[in-house]
Trainee: 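Have a look at this one.
Start at 1 and go down the list; that is how both ligands and their atoms are numbered.
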Amino acid sequence: MSNLFHSVRGTSDFYPPQSILFENITKKAKRIFSIFGYEQLILPHLEEDGLFKKGIGEVTDITQRQMFKVAGKDIVLRPEGTAQIARSYIENSIYKHRDFCKFYYTGSMFRGERPQKGRLREFHHIGAEAIGSNSFYLDAEVIEVAMRIIESAGIEGAVLKINSLGCVKDKDKLSSLIKEQLSLKSGQLCDDCRRRIVTNPLRVLDCKKERCRDAVSSIKIDNYLCDSCYEHFHSLLKLLSEMGISYVYEPLLVRGLDYYTNTVFEITSKRLGSQDAIGAGGRYNNLIKSLGGPDIGAVGFALGVERMLLLLPKPEEKPSADVLVAYTSDYVYKDAYDILRKLRNYGVSSVIDYKNKSLKAQLKWAQKAGIPYVVIIGDEELKKSCVIIRNMRESIQQEAAIGDFPEIIKNLTQGSKE
Ligand SMILES: [Zn+2]
Ligand SMILES: [Zn+2]
């Protein structure tokens, strides 16, 4: 069987019913985005390498090891959406006509490193970015949107973990506090983290290796937030409580990307195991400016669709259509085909057999596929300008005039949906 082709390692095929579940998550998310006034951005999969080095940071796992390079050029398959949206926002001068915007996006993201458990080469994000305000109310809104999407997907028990890194000054202070405390334990850290203490101490807090987590768990960080960042963070926490959004304050929560300032959050589920994040986000008040745009605050999040799918039960198979147009013999196939088209023009989801099945076999097919109605086209009925409508669930049938039946079917099938 060596001539069989396989999907590339670290990529996934979604086929029914999983693809239907995927689509439902996306549809519901879009509905929520629209309720909250977010507009869609559709951006390319390809970006310049430099955008992420500048945006995410030179010494992050993504830019150092995980970029999916496209051969021969400084072009990569996008690893995440935020830097890209910032690029688009600046390049297209969107800020010149609108000083405040809220965007969402859905689509594939890529990592170039060897795939491992819980880490895919191509994965899917649903994300949002709200650009142009420092208000903590906006942080709360963004968090609410993320939580609502998770909830609407049917995922229960997701936990919001939250922290504040503060402004650049506070982050520097936090970095040196971590550096100070972890230098004493450097023997305990992995090779990467020993390097990170020097290059990017905050990243040590993100290391998944047990020995590093142990070292980190014993460190104590005093308040490093300046008055205004403290105020921002605690106002947000208070507001979240008032909104009924429960959270866990995690003083050592950082995110692996350099652009974050102030609020950072992660939404996790215990059921995912060690890679427990469903999604994450936070504020990035300096990113837009650092990429050459105006000096404005922004906040966003991204949720992993594959992670959400892992948390949902296998969906039931759903019928692919509401109506099967069945024929009693070859002689009436063309009539049946015309009726099929008529139904579709009425907006009724309908299918027909293309395999010359007997009527009995067609009905069996409808039964097996869970198609609720069958319209039977027969010689005798056609002579009377009639068809038979069969309700498969109740095993009852009625005759209907050809002129009336599309309307009848439309009412029937709409009635059977929520
Ligand atoms: Zn500050
Ligand atoms: Zn480590």
Side-chain angles (χ1 to χ4, degrees), residues 56-66 111 113-114 116-119 133-140 162-219 221-239 249-266 273-277 282-290 295-299:
I56 298 173
E58 294 264 7
V59 278
T60 58
D61 283 354
I62 294 184
T63 48
Q64 283 185 332
R65 283 206 302 262
Q66 300 172 337
R111 293 291 147 89
E113 71 178 346
R114 213 169 68 86
Q116 39 183 300
K117 197 174 170 283
R119 273 205 218 162
S133 163
N134 289 329
S135 168
F136 65 85
Y137 281 95
L138 186 59
D139 301 42
I162 193 165
N163 189 20
S164 174
L165 302 174
C167 54
V168 174
K169 267 192 188 154
D170 304 342
K171 261 177 98 173
D172 286 345
K173 201 166 155 195
L174 175 62
S175 282
S176 41
L177 284 171
I178 290 168
K179 201 172 188 169
E180 222 171 80
Q181 298 214 18
L182 283 177
S183 307
L184 306 169
K185 300 168 194 280
S186 67
Q188 211 181 318
L189 301 173
C190 72
D191 290 349
D192 281 340
C193 285
R194 267 203 294 274
R195 234 179 315 113
R196 285 174 186 143
I197 301 189
V198 184
T199 55
N200 193 350
L202 290 184
R203 295 279 301 112
V204 181
L205 270 52
D206 243 5
C207 184
K208 300 285 181 232
K209 296 206 177 78
E210 206 162 319
R211 47 202 281 210
C212 301
R213 297 191 82 119
D214 280 350
V216 164
S217 69
S218 62
I219 64 176
I221 303 291
D222 288 333
N223 184 34
Y224 48 86
L225 296 177
C226 68
D227 287 350
S228 108
C229 292
Y230 184 90
E231 174 74 25
H232 181 275
F233 186 47
H234 288 269
S235 308
L236 170 62
L237 295 184
K238 186 163 170 269
L239 178 59
Y249 167 45
E250 291 254 330
L252 294 177
L253 175 72
V254 299
R255 301 285 312 140
L257 316 178
D258 279 0
Y259 55 61
Y260 284 115
T261 53
N262 295 92
T263 314
V264 285
F265 61 90
E266 241 176 40
S274 63
Q275 304 264 353
D276 63 353
R283 206 163 241 297
Y284 48 95
N285 287 344
N286 303 308
L287 177 65
I288 309 278
K289 190 178 163 209
S290 81
D295 186 4
I296 47 174
V299 54

Trainee: Please work out the angle at the Zn ion (ligand 2) defined by atom SG of Cys190 on one side and atom SG of Cys212 on the other, rounded to 10°.
Mentor: 100°
Trainee: Before you tell me yes or no, could you show the steps for Asp214 and Arg211 under salt bridge (Lys or Arg N to Asp or Glu O under 4.0 Å), namely the whole-Å CA-CA distance, both residues' side-chain angles and the distance that decides it to 0.1 Å?
Mentor: CA-CA 5 Å; Asp214 280 350; Arg211 47 202 281 210; over 6 Å; no
Trainee: Scan Leu225, Leu253, Asp170 and name whichever one has a side chain to side chain contact (heavy atoms under 4.5 Å, CB included) with Ser164.
Mentor: Leu225
Trainee: Kindly give the heavy-atom pair with the smallest separation between Ser175 and Leu202, and that separation in Å.
Mentor: OG-CG, 3.7 Å
Trainee: I'd like to know if the side chain of Asp139 pairs up with that of Thr263 as donor and acceptor (distance under 3.5 Å, no hydrogens or angles considered).
Mentor: yes
Trainee: Rounding to 10°, state the angle centred on the Zn ion (ligand 1) that links SG in Cys226 with SG in Cys167.
Mentor: 130°
Trainee: Kindly give the atom name of the N, O or S atom of Asp170 closest to the Zn ion (ligand 1).
Mentor: OD2
Trainee: From the Zn ion (ligand 1) out to just under 2.8 Å, does an N/O/S atom of Asp227 turn up?
Mentor: no
Trainee: In the structure I gave you, are the side-chain heavy atoms of Glu113 and Asp61 within less than 4.5 Å of one another anywhere?
Mentor: no
Trainee: About how large, to 10 degrees, is the angle SG of Cys207, then the Zn ion (ligand 2), then SG of Cys193?
Mentor: 110°
